[in-house]
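All remarks here apply to the structure that follows.
The shown structure was predicted, so the numbers you read here are calculated from the model rather than taken from an experiment.
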Amino acid sequence: MKTPKTSRSRRRDPTHDSGYKLLYSHAAMVRDLLRGFVPGAWVQALDLGTLERCSGSYVTDDLRDRADDRVWRLRWGSDWLYVYLLLEFQSTVDPWMAVRIQTYLGLLYQDLIRAETLSAAGRLPPVLPVVLYNGVTPWHAADTLEPLIEPAPPMLDSYRPRQAYLLLDEQRLANAGPLPERNLCSALFRLEASRGAVEAMGIVQALLYWLKAPEQTGLRRDFAVWFGRVFLPKRLPGVQLPPLGDLSEVYHMLAENLETWTDQWKREGLEQGLEQGLEQGLEQGLEQGLAQGLEQGREATRHILVRQVRRRFGPAIAEQTQLLLAGIADLQTFEDLGEQLLISPDGDDWLKAVRDKIIGDED
C-alpha cells in the first residue's frame, strides 16, 4: 500500500485558528452548522436549544485547550449527543485526518468515563465528529480510517477500525451552489470565498440584520474581531486597520474605503490566485492549478478595465463593457484593449472596438 505523504510545508495560522475558535464558541454558530450542513432528517430530533460548550467536568484541560477544536453537547431524546468540531486551517490536506479523529474521540471518551458522564444506561454517548476545512486545495484525504490500513486476512475483519468523520470543505461548499439561507455558517463560508469588497459588504449587511438582537452583541463583536485579525489582513496586507469592536464598524470601514481598497483587493486576489493555483497544481496537477490562478487574474484585469472605462465614459458604458468582457479569456486581448482604451475618443468608439476585437478573436 502506498503510504500517504505528510507534507513538510503544512503550516498552521494561529491567528486564523483563534478567530474561528471565537466564532464557534457561540451556540448560534454551532446551531446553524448542524441545522444547515449536517445531512439527514435525524438532525430534526436534536434539541438545539440545549447546546452547551463542554468544559471543566466534561473535558480535561489537555483536550479542551487544543488549538483546533471545540466540543459541544446537546440533548437527543433523554440522553446527550456530543459534537466534536475540529477546525482545520492548514496550507495542505492532512492525509491522516481519520487517525487524528479516532485519537481525539478516544481522549474525549476517556474524559467522559473519568467524569462519569454516561448515558442513563451507563454507556458512552454518541459523538458527531466534524472537520471544518478552509484550505485552497480541495480535500482529498480518506474520510474513514479503513482505507489507511493494509488489507489483512478475513479473520481480522472484525478488528479493523472504521472511524469516519463529516467533512465540510468551506470553499467548495460556497462555490458549489446556493447555501442554506439566513444561516450564520453560510455567511461565513461565503465571506471566505468572496472576491470583492462589494460582495463582502452585502454579506456583512445581512449579518448585521440577523444579529441585531441585544443577546447577539458578543457574536457581532467576535465577527468584527475575525474581520480585523483574519479576513481583512489577508486581503489587504500592509493596510493599517484600527481595532474593530462591532460588525457595524466593519461595514462602515468597508463603505468608506471601498474605492481605495477595491483595486488592492483585486490585485491581492490575483497574486493569491496565482500562488494558490501553483500550490494546488503541485498537489493535483499543474494544469488545473495554473488554470485557477489565470482565471482569477482575468477577473482582476476585467475589474480594472471596467473601472477605467467608468472614469472615462461613465457608468452606462462601463456596464456594457462589463458584459462584453465577461466573454473574453485571452490575456493578450485584455492587453490590446487596455491600449485601445487610451486612444478611443468616446464610449461608442470604445464599445465598437471591444465588439470588433471579440469578433476578430472568434474568427
[X] side chain near [Y] side chain, heavy-atom distance below 4.5 Å:
{"X": "R70", "Y": "S25", "result": "yes"}
{"X": "L219", "Y": "L23", "result": "yes"}
{"X": "C54", "Y": "W80", "result": "no"}
{"X": "W139", "Y": "M97", "result": "yes"}
{"X": "L188", "Y": "W226", "result": "yes"}

Calculate, to the nearest 0.5 Å, the distance between atoms [atom1] and [atom2] belonging to [X] and [Y] respectively.
{"X": "I328", "Y": "K357", "atom1": "CD1", "atom2": "NZ", "result": "9.0 Å"}
{"X": "R73", "Y": "L51", "atom1": "CZ", "atom2": "CG", "result": "11.0 Å"}
{"X": "T321", "Y": "L351", "atom1": "OG1", "atom2": "CG", "result": "5.0 Å"}
{"X": "L105", "Y": "Q110", "atom1": "CG", "atom2": "CD", "result": "11.5 Å"}
{"X": "L86", "Y": "L168", "atom1": "CG", "atom2": "CG", "result": "11.5 Å"}
{"X": "D346", "Y": "R312", "atom1": "CG", "atom2": "CZ", "result": "9.0 Å"}

Just wondering, more than 12 heavy atoms not from [X] lying within 6.0 Å of its [atom1]?
{"X": "Q320", "atom1": "CD", "result": "yes"}
{"X": "E199", "atom1": "CD", "result": "yes"}
{"X": "E215", "atom1": "CD", "result": "yes"}

Derivation of the side-chain contact (heavy atoms from CB on, under 4.5 Å) call for Y82 and L112: CA-CA 11 Å; Y82 282 70; L112 295 176; 3.4 Å; yes

Considering residues at least two apart in sequence or located in another chain, which fulfil the side chain to side chain donor-acceptor pair (under 3.5 Å) criterion with [X]?
{"X": "S248", "value": "D246"}
{"X": "D349", "value": "S344"}
{"X": "Q216", "value": "none"}
{"X": "N183", "value": "none"}

Sub-3.5 Å donor-acceptor pair from the side chain of [X] to the main-chain atoms of [Y], do we have one?
{"X": "T50", "Y": "R75", "value": "yes"}
{"X": "W72", "Y": "L85", "value": "no"}
{"X": "Y109", "Y": "P125", "value": "yes"}
{"X": "R190", "Y": "I203", "value": "no"}

Residue pairs involving residues 143-169 (criterion ring pair (Phe, Tyr, Trp, His ring centres under 6.0 Å); sequence neighbours excluded): none

Quick one: which residue pairs count as a ring pair (Phe, Tyr, Trp, His ring centres under 6.0 Å) with a foot in residues 190-219, not counting sequence neighbours? none

Checking [X] now: which residues fulfil side chain to side chain contact (heavy atoms under 4.5 Å, CB included) with it, not counting sequence neighbours?
{"X": "E170", "result": "Y20, F89, L132, N134, F189, E192"}
{"X": "A121", "result": "S119, R123"}
{"X": "A45", "result": "W76"}

On a heavy-atom basis, which atom in [X] and which in [Y] lie closest, and how many Å separate them?
{"X": "L87", "Y": "K21", "result": "CD1-N, 3.9 Å"}
{"X": "I101", "Y": "P129", "result": "CG2-CB, 3.8 Å"}
{"X": "A200", "Y": "S194", "result": "CB-OG, 4.4 Å"}
{"X": "E249", "Y": "P243", "result": "OE1-O, 3.9 Å"}
{"X": "L179", "Y": "L173", "result": "CD2-O, 3.4 Å"}
{"X": "F313", "Y": "G347", "result": "CD2-N, 3.6 Å"}

According to salt bridge (Lys or Arg N to Asp or Glu O under 4.0 Å), does anything in residues 156-168 pair up with another residue at least two apart or in another chain? List the pairs. E146-R160, E146-R162

D356 with K352: basic N within carboxylate O range, under 4.0 Å: yes

Given M253 and F227, is the side-chain contact (heavy atoms from CB on, under 4.5 Å) satisfied, shown in steps? CA-CA 11 Å; M253 175 179 289; F227 263 97; over 6 Å; no

Using the rule given for side-chain contact (heavy atoms from CB on, under 4.5 Å), can you reason through L167 versus D143, listing the C-alpha separation, both sets of side-chain angles and the distance that settles it, and then say yes or no? CA-CA 7 Å; L167 172 73; D143 58 5; 5.6 Å; no

ILVMFWY cluster membership beyond L323 - transitive side-chain contacts under 4.5 angstrom: none

Side-chain donor-acceptor distances from residues 28-42 under 3.5 Å, at least two apart:
residue: D32; atom: OD1; partner: R35; partner atom: NH1; Å: 3.0
residue: D32; atom: OD2; partner: L184; partner atom: N; Å: 2.7
residue: W42; atom: NE1; partner: P39; partner atom: O; Å: 3.1

So if I apply the side-chain contact (heavy atoms from CB on, under 4.5 Å) rule between P161 and each of L148, L145, T144, which one comes out positive? L145

